[in-house]
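FYI, the numbering just counts along the sequence from 1.
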Amino acid sequence: MLPEPAPSGPAVEHPATTVVGPVEAQAARTPEAPALVRADGGVVTYRELNASANRLARALARRGARPGTVVGVTAAGHPEQVLTAVLAVAKSGAAYLPLDPADPPGRREWLLAGNEPVCVLGEGVPGALSGLSGLDVGGELDTDPPRALTPQHLLCVGYGPGGRPAAVRLTHGEADRRVRELQAAHPLGPGDQVLQLRLPHWGFLWPLRTGAAVVLAEG
């Protein structure tokens with residue numbers, strides 16, 4: 001789990017922002033620095049990660065992804081593809097809906113019916129677009145896409161296990177606040193590496209906005 005921020009004097013107020021702006025700014029500052037370190041030791045640079053997410057975000061936008069909509073993302077598949085998909089959904093302006101392929105069909109159908117995602121990315125869910133190859137991104141630009149996104153828009157719509165629990169709706173502004181608190185308590189920077197296990201998907205945005213690298217476990 002993510003470390004809890006330690007109390008350290010009066011809280012510092014920061015202007016709210018979206019979670020993708022700082023990541024894009026970091027990619028512009030350090031394009032050739034490692035952003036992801038694969039389990040086999042391979043490296044994905046900030047430039048490569050940002051470009052892949054941009055192409056996917058633009059393809060998602062053509063399918064209707066925008067602020068106020070939802071895109072399903074399954075936990076199955078290669079961690080690099082899952083994290084790229086989450087970043088792409090955020091870049092499109094849509095909120096991502098985590099889906100567990102191990103859920104019984106009744107629960108999964110309830111989640112899909114209740115949120116009406118424009119599409120589902122990943123593996124293990126009927127109708128999902130497999131990995132990053134499920135959408136045709138070959139003709140898409142790799143530059144940061146435009147979006148009418150504010151800190152008040154949703155980043156994620158999550159649900160607890162079992163039954164039909166109420167949704168937990170995380171906004172960009174709230175995720176940004178949590179990441180700032182983590183950075184204040186446990187500063188990260190270029191050269192640092194953070195192992196990505198079963199953390200909240202938005203947790204990888206913390207190292208990526210600071211120039212650190214995310215180390216991916218085996219899928």
Side-chain angles (χ1 to χ4, degrees), residues 1-31 33-37 44-46 49-50 53-54 57 67-68 70-71 73 75 79-80 82-100 144 147-161 165-217:
M1 60 183 298
L2 287 173
E4 289 296 327
S8 56
V12 179
E13 294 294 330
H14 297 280
T17 186
T18 67
V19 298
V20 291
V23 176
E24 292 172 344
Q26 186 62 50
R29 287 193 298 270
T30 59
L36 305 179
V37 179
V44 178
T45 67
Y46 272 85
L49 174 63
N50 197 53
N54 285 341
V70 171
V71 173
V73 178
E80 179 183 339
V82 175
L83 296 187
T84 303
V86 172
L87 181 56
V89 173
K91 281 172 169 283
S92 77
Y96 79 92
L97 170 69
L99 295 171
D100 187 346
D144 296 332
R147 53 188 172 266
L149 189 62
T150 73
Q152 288 70 46
H153 281 116
L154 289 178
L155 170 66
C156 175
V157 182
Y159 293 81
V168 177
R169 302 180 185 277
L170 180 71
T171 65
H172 278 258
E174 175 62 15
D176 175 70
R177 181 187 66 79
R178 294 186 191 182
V179 169
R180 287 180 188 270
E181 289 176 349
L182 286 166
Q183 178 65 9
H186 310 278
L188 295 175
D192 290 330
Q193 294 187 342
V194 177
L195 179 62
Q196 178 80 9
L197 296 172
R198 295 187 63 83
L199 301 179
H201 288 163
W202 58 266
F204 81 98
L205 298 167
W206 170 30
L208 290 181
R209 69 190 286 161
T210 66
V214 177
V215 180
L216 302 173

> Quick one: does Val194's side chain get under 4.5 Å of Phe204's, heavy atoms only?
Replying inline: no
>> I want to check something: taking the side chain as every heavy atom from C-beta on, are Leu49 and Leu208 in contact at a cut-off of under 4.5 Å?
In response: yes
>> Working note: Arg177 + Arg180, criterion side chain to side chain contact (heavy atoms under 4.5 Å, CB included); need CA distance, chi angles, decisive distance, verdict.
In response: CA-CA 5 Å; Arg177 181 187 66 79; Arg180 287 180 188 270; 5.8 Å; no
>> Run the side chain to side chain contact (heavy atoms under 4.5 Å, CB included) test against Ala53 and tell me which residues pass, sequence neighbours left out.
In response: Thr84, Leu87, Ala88, Lys91
> Mind checking what makes side chain to side chain contact (heavy atoms under 4.5 Å, CB included) contact with Thr210, not counting sequence neighbours?
Replying inline: Gln183, Leu188, Trp206, Ala212
Identify the heavy atoms of [X] and [Y] that sit nearest to each other, and give their distance.
{"X": "Ala167", "Y": "Val157", "value": "CB-CG1, 3.9 Å"}
{"X": "Ser92", "Y": "Pro67", "value": "O-CD, 4.0 Å"}
{"X": "Cys156", "Y": "Ala95", "value": "N-CB, 4.1 Å"}

> Can you check side chain to side chain contact (heavy atoms under 4.5 Å, CB included) on His172 and Leu155, steps first, answer last?
Replying inline: CA-CA 5 Å; His172 278 258; Leu155 170 66; 3.9 Å; yes
> Going from CG on Asn54 to CD on Glu24, what distance comes out if it is rounded to the nearest 0.5 angstrom?
Replying inline: 6.0 Å
> What distance separates Gln152 CD from Thr18 OG1, expressed to the nearest 0.5 Å?
Replying inline: 11.0 Å
> Between Arg178 and Leu205, does a side chain to side chain contact (heavy atoms under 4.5 Å, CB included) hold up when you go through it step by step?
Replying inline: CA-CA 11 Å; Arg178 294 186 191 182; Leu205 298 167; over 6 Å; no
>> side chain to side chain contact (heavy atoms under 4.5 Å, CB included) for Val19 and Val179? Distances and angles first, verdict last.
In response: CA-CA 9 Å; Val19 298; Val179 169; 5.8 Å; no
